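So you know, we letter chains A, B, ... as the sequences are listed, proteins then strands, and number each from 1. Predicted model, so just to flag it, every value in this text is computed and none were measured.
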Number of protein chains: 2
Amino acid sequence: MAEQQGDAETSGGPRRGDRRPTMTDVAQRAGVSRALVSLVFRDAPGASDRTRERVFQVAEEIGYRPDSAARMLASSRSKVLGVLLTVRNPFHADMVESIYPVAERRGYEILLSAASPSRDERKAVDALLGHRCAGLLLLGPTLPSSYLAELGRKLPVVALGRRFPGADVDSVHTAEAKGVREAITHLVELGHRSIAHIDGGRGPGSAERRRAYRAAMRKHGLTEYIRVLPGDQTEESGSAQAKVLLAEGSRMPTAVLAGNDRCALGLLDAVWREGLQVPGDLSVVGYDDSHLAHLSHIDLSTVRQDPDRHAALAVQCVVDRLDGVRDGAEEFVLDPKLVTRGTTGPPRSSGIMSA
Amino acid sequence: MAEQQGDAETSGGPRRGDRRPTMTDVAQRAGVSRALVSLVFRDAPGASDRTRERVFQVAEEIGYRPDSAARMLASSRSKVLGVLLTVRNPFHADMVESIYPVAERRGYEILLSAASPSRDERKAVDALLGHRCAGLLLLGPTLPSSYLAELGRKLPVVALGRRFPGADVDSVHTAEAKGVREAITHLVELGHRSIAHIDGGRGPGSAERRRAYRAAMRKHGLTEYIRVLPGDQTEESGSAQAKVLLAEGSRMPTAVLAGNDRCALGLLDAVWREGLQVPGDLSVVGYDDSHLAHLSHIDLSTVRQDPDRHAALAVQCVVDRLDGVRDGAEEFVLDPKLVTRGTTGPPRSSGIMSA
DNA sequence: GCGCTCTACTAGCGCGCTCTAGCACCGACG
DNA sequence: CGTCGGTGCTAGAGCGCGCTAGTAGAGCGC
């Protein structure tokens, strides 16, 4: 009763529904064995240059493309890295763009899985596991440490932008404290004293940034100006806190260190909208240097976390583990760098000389 | 000579490096055949409820998870849809979030592949094909029509947000003309006459929007006010055109229809920054209603393209083709809807009565 | 002639799964 | 008693590939 179209042999180009060509097809047409074709496509030694060329040519002709599924099935050691991201996060977007070329250079494919309000990170990770990823890169995961530890026991995992002490997983993140310290010092040198911080809530790096902010302020003798406003690394929280600050009129801080760039953006929009001048009335520093920050009309001073270096390190990290080079959990800490652009300047009313 | 670890039976939880459990493991431990386990996991008829339960329980115990790679290899009909997106595009992010639940409901997995400046769309599509996707959803592809046609011959493809007359692929997009018309009518009713349009360049839907803008302006007898500013659907182009407009002082248009939300955002930022009031000095309408638009501090009037409906239609479209329900290329046109928020209002100087 | 190494290639098993064909057993019916 | 249809299960053949073991042939030294 099984019905077939069954006439796939005859005519020219591939049509919808035609079986896609396999290695066997290439082998037959090139007059060699299947194994030889496999060799060629794996770029393994043992085939003459002439044959190699011939195989590639035939493959091109019939539109052959190796089947990753079969490939990873056959070689249990799959060449696929899974990436967990939050699809709306611009910094994650930057990271993904950086990850692709690095992984490719190392001979790995990338599989993306997005977490979102309707699809939690566990589910996204499950999908990656189902596809036989050899290792996982987790971008700013909010998964519980215990789950991560369990995951780390199954396959090499690296968390980006977040530390997981205790869990046996590698992590790559920036020295948050250093970035924050540089930002505060920059603002203080410009003459600011009342510098507030909009918190990043439970977001990656937030706890460290918050601590570092307090420490830096104390170091500059500005303990009395310490002020942490609640937030959550979104534009919404930036604009919400802007409203709070704007309501204070002249008692408003002269500078704000936002929890990340998105938060800074929300803040800027709200402040601009009220007709205030940046940096004249308020200086703003972001965190991440996502591509939003360099847009010319935003021109945000921010703390740069180099996505390329993050990506390179993270991929290296997982690949090394897969190759059995390393074993214990390691923490890679990158130095962030303050990038001063147009949103920071001396406060209008208090000159540098006032100190 | 084949060496085995062979002690997988004994100890407790899985350790790194342990072979991941397979169907055979589950079968053995549950005292049934491998085929039975397969049945159960495919939710196919032919197993008693008691056995079903037992199998699931054992699977849970040993942490079994079906291997999608092997699965799609075995059943040539893979249950995977590939999604091509531009990782930085917020509207794409919205779409992806909508696609996941719809696909899941239809029993399909989703594989994401991101295009970026360093990784062109062809490459991204190739990766999807390599993973045996049964069908493809292309978000705002900029691929040449001929390539798409070729792709469409190999597997069901649906393009979102862009029409491809000629190529044998389905498409889902909004009635751009209708959205633009509504937007212009809204502005005209508010009393605007000098309404400019920032073009979306070669972006999806731009050509249609440009044409519709011209037509709508003519329809309202505002031919002499028609003004199309060059752009490309990015924040940059929005802010760049803002500078052009601001330089014109009082001869500036009183309203702008941006090519998309991102462009509108760039425009807004630049305008706010110059201390102008929105909508007092300038009304702005976006296009997409990406999540940026509803952020409270942006509160952008925009033309809504419902991502949920787009996603549902697109997935349905591909799935139907896979099931052999439809055959010819079809075009699904959704009605967009103007959402009036805080960036549109009557122009300051010219009242409604002036007409 | 023999044995050796080196290159270029092939045979064939098995990765973890799906799926068709078929088997054992049950109660019902003539 | 024999045959039927149905239920619950199993055997086993692949899916497209990687990879190990092996083979054929050429070249070389003695």
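An OP1 or OP2 oxygen of C:dT10 is reached within less than 4.0 angstrom by a side-chain nitrogen or oxygen of A:Ser33. Note on B:Ser38: a side-chain N or O is less than 4.0 Å away from OP1 or OP2 of C:dT18. B:Thr51 has a side-chain polar atom (N or O) that falls below the 4.0 Å cut-off from OP1 or OP2 of D:dC9. Side-chain N/O atoms of A:Ser48 include one lying less than 4.0 angstrom from OP1 or OP2 on C:dC9. The phosphate of D:dT10 has neither OP1 nor OP2 within less than 4.0 Å of any side-chain N or O from B:Arg34.
Between A:Arg119 and B:Glu97, none of the side-chain N atoms (NZ, or NE/NH1/NH2) sits under 4.0 Å from a carboxylate O, so this pair counts as no salt bridge.
Atom CG in A:Leu36 sits roughly 14 Å away from atom C1' in D:dG18 (whole-Å rounding). As a whole-Å value, the separation of B:Met23 CE from D:dG14 P is 20 Å. Rounded to whole Å, the distance from CZ on A:Arg42 to C1' on D:dC17 is 9 Å. Note: CG (A:Asp25) to P (D:dG16) measures 8 Å, nearest angstrom. A straight line from CZ of B:Arg54 to P of D:dG8 spans 18 Å, rounded to a whole angstrom.
Which of D:dC15, C:dC19, D:dC19 sits closest to the side chain of B:Arg132 comes down to D:dC15. You'll find that the side chain of B:Leu73 is closest to D:dC15, out of C:dC17, C:dC15, D:dC15. You'll find that the side chain of B:Ala35 is closest to D:dA11, out of D:dC17, D:dA11, D:dC15. Comparing D:dG16, C:dT18, C:dG16 by their nearest atom to the side chain of B:Asp67 picks out C:dG16.
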* **Working for salt bridge (charged side-chain N to carboxylate O under 4.0 Å, His left out), residues B:Arg163 and B:Glu331** => CA-CA 8 Å; B:Arg163 300 174 347 106; B:Glu331 199 179 327; 3.4 Å; yes
* Test salt bridge (charged side-chain N to carboxylate O under 4.0 Å, His left out) on B:Glu104 and A:Lys123 and set out the steps. => CA-CA 12 Å; B:Glu104 189 174 357; A:Lys123 217 163 171 181; 3.2 Å; yes
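Distance check, rounded to the nearest 0.5 Å: CG of A:Leu151 to CG of A:Leu129 gives 5.5 Å.
With contacts defined as side-chain heavy-atom distances shorter than 4.5 Å, the pair A:Asp170/A:Arg321 qualifies.
The partner of C:dC17 is D:dG14, by the rule that a Watson-Crick or G-U pair needs both atom distances under 3.5 Å.
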